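This is a predicted model, so every value here is computed, not measured. Index from 1, following the sequence.
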Amino acid sequence: MPGLLGNYPQFRQQYENPIVKDKNKAIRVELKDMIQPFILRRLKQEVLQDLPAKSEQVVLTSMVGKQAKLYQACAQRLVDQLKGQDDDEFCHNRFTILAEITRLRELCCSPQFIR
């Protein structure tokens, strides 16, 4: 619903600043009441009886050929990168490291996922 909360400068002045900076609970409740009809949030316990039983099939496969070589090369590159870092660099680059781990997972699924 465009315009419901005004444009961003209006929203910031009317809601964001009073809530974040001033900790104004009345404004927070007002905003919550305004957006409540548009947000559906249910807990797992509320819908548990409607959910089907979880079913999993674990299928183990081996990487072969180019996929295995590409995975090993990327994994070795990540290991080399990690060996050359101290604790501060590691903390600073943690999201890059997580991205590399995700790339390794994508390689496991299919090399076509890699951009």
Side-chain angles (χ1 to χ4, degrees):
M1 294 193 55
L4 175 70
L5 302 173
N7 59 32
Y8 181 65
Q10 293 168 334
F11 175 82
R12 186 177 187 145
Q13 180 183 9
Q14 188 171 358
Y15 297 106
E16 185 178 340
N17 288 339
I19 292 170
V20 176
K21 291 181 180 177
D22 304 331
K23 309 290 187 221
N24 188 321
K25 292 182 181 181
I27 298 293
R28 184 172 53 109
V29 169
E30 178 185 325
L31 178 62
K32 181 181 175 186
D33 290 343
M34 285 181 65
I35 64 173
Q36 185 83 29
F38 306 105
I39 298 175
L40 174 63
R41 180 172 170 88
R42 298 185 295 173
L43 299 175
K44 182 178 176 182
Q45 294 83 6
E46 295 171 357
V47 294
L48 191 58
Q49 62 274 8
D50 297 336
L51 297 175
K54 183 178 179 178
S55 65
E56 287 185 41
Q57 290 183 346
V58 178
V59 179
L60 301 176
T61 60
S62 298
M63 291 183 286
V64 293
K66 290 181 182 179
Q67 181 183 18
K69 290 178 184 176
L70 186 58
Y71 181 89
Q72 289 299 326
C74 288
Q76 187 60 49
R77 186 183 74 218
L78 180 57
V79 167
D80 293 342
Q81 178 185 354
L82 292 174
K83 282 182 181 177
Q85 293 183 355
D86 60 19
D87 290 344
D88 289 336
E89 289 174 320
F90 180 81
C91 288
H92 183 71
N93 295 326
R94 66 182 182 267
F95 293 112
T96 304
I97 295 166
L98 289 173
E100 288 299 318
I101 292 171
T102 300
R103 187 178 316 274
L104 288 172
R105 183 188 175 282
E106 290 170 344
L107 271 170
C108 288
C109 294
S110 174
Q112 295 172 342
F113 290 147
I114 301 300
R115 300 168 233 94

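Atom SG of Cys108 is separated from atom CG of Leu70 by 10.5 Å, given to the nearest 0.5 angstrom. Atom OG1 in Thr102 sits 12.0 Å away from atom CD1 in Ile97 (nearest 0.5 Å).
Every side chain to side chain donor-acceptor pair (under 3.5 Å) that Gln76 has, sequence neighbours left out, goes to Asp80. Looking at residues two or more places apart in sequence or on another chain, you find a side-chain contact (heavy atoms from CB on, under 4.5 Å) between Phe38 and Met1, Leu4. With sequence neighbours left out, the salt bridge (charged side-chain N to carboxylate O under 4.0 Å, His left out) criterion links Arg12 to no other residue. For Ala73, there are no side-chain contact (heavy atoms from CB on, under 4.5 Å) partners, not counting sequence neighbours. Applying the side-chain contact (heavy atoms from CB on, under 4.5 Å) criterion to Glu89, with sequence neighbours excluded, gives Gln85, Asp86, Asn93. Residues passing the side-chain contact (heavy atoms from CB on, under 4.5 Å) test with Ile35 are Leu5, Leu31, Ile39, sequence neighbours excluded. Applying the side chain to side chain donor-acceptor pair (under 3.5 Å) test to Lys54 and every residue at least two apart in sequence or in another chain returns Glu56.
Within the structure, salt bridge (Lys or Arg N to Asp or Glu O under 4.0 Å) pairs that include any residue of residues 16-30 do not occur (at least two apart or interchain). Pairs engaging residues 61-71 under the side-chain hydrogen bond (donor to acceptor under 3.5 Å, both in side chains) rule: none recorded [sequence neighbours left out].
Using a 4.5 Å cut-off between side-chain heavy atoms of Ile, Leu, Val, Met, Phe, Trp and Tyr, Val58 falls into a hydrophobic cluster with Leu60. In the hydrophobic clustering (ILVMFWY side chains linked at under 4.5 Å, chained through shared members), Val64 stands by itself. Grouping Ile, Leu, Val, Met, Phe, Trp and Tyr by side-chain contacts under 4.5 Å, direct or through others, puts Leu98 with Phe95.
Note on Arg103 versus Glu100: salt bridge recorded, some NZ/NE/NH1/NH2 to OD/OE distance being below 4.0 Å.
Closest heavy-atom contact between Pro9 and Asn7: CD-OD1, 3.2 Å. Here the closest heavy-atom approach between residue Leu104 and residue Ala75 is recorded as CD2-N, 3.7 Å. Of all heavy-atom pairs between Ala68 and Met63, the closest is CB-O, 3.8 Å.
Transitive grouping of hydrophobic side chains (ILVMFWY, heavy atoms separated by less than 4.5 Å) brings Leu107 and Leu82 into a common cluster. There is a path of hydrophobic side-chain contacts, each under 4.5 Å, that joins Ile19 to Met34.
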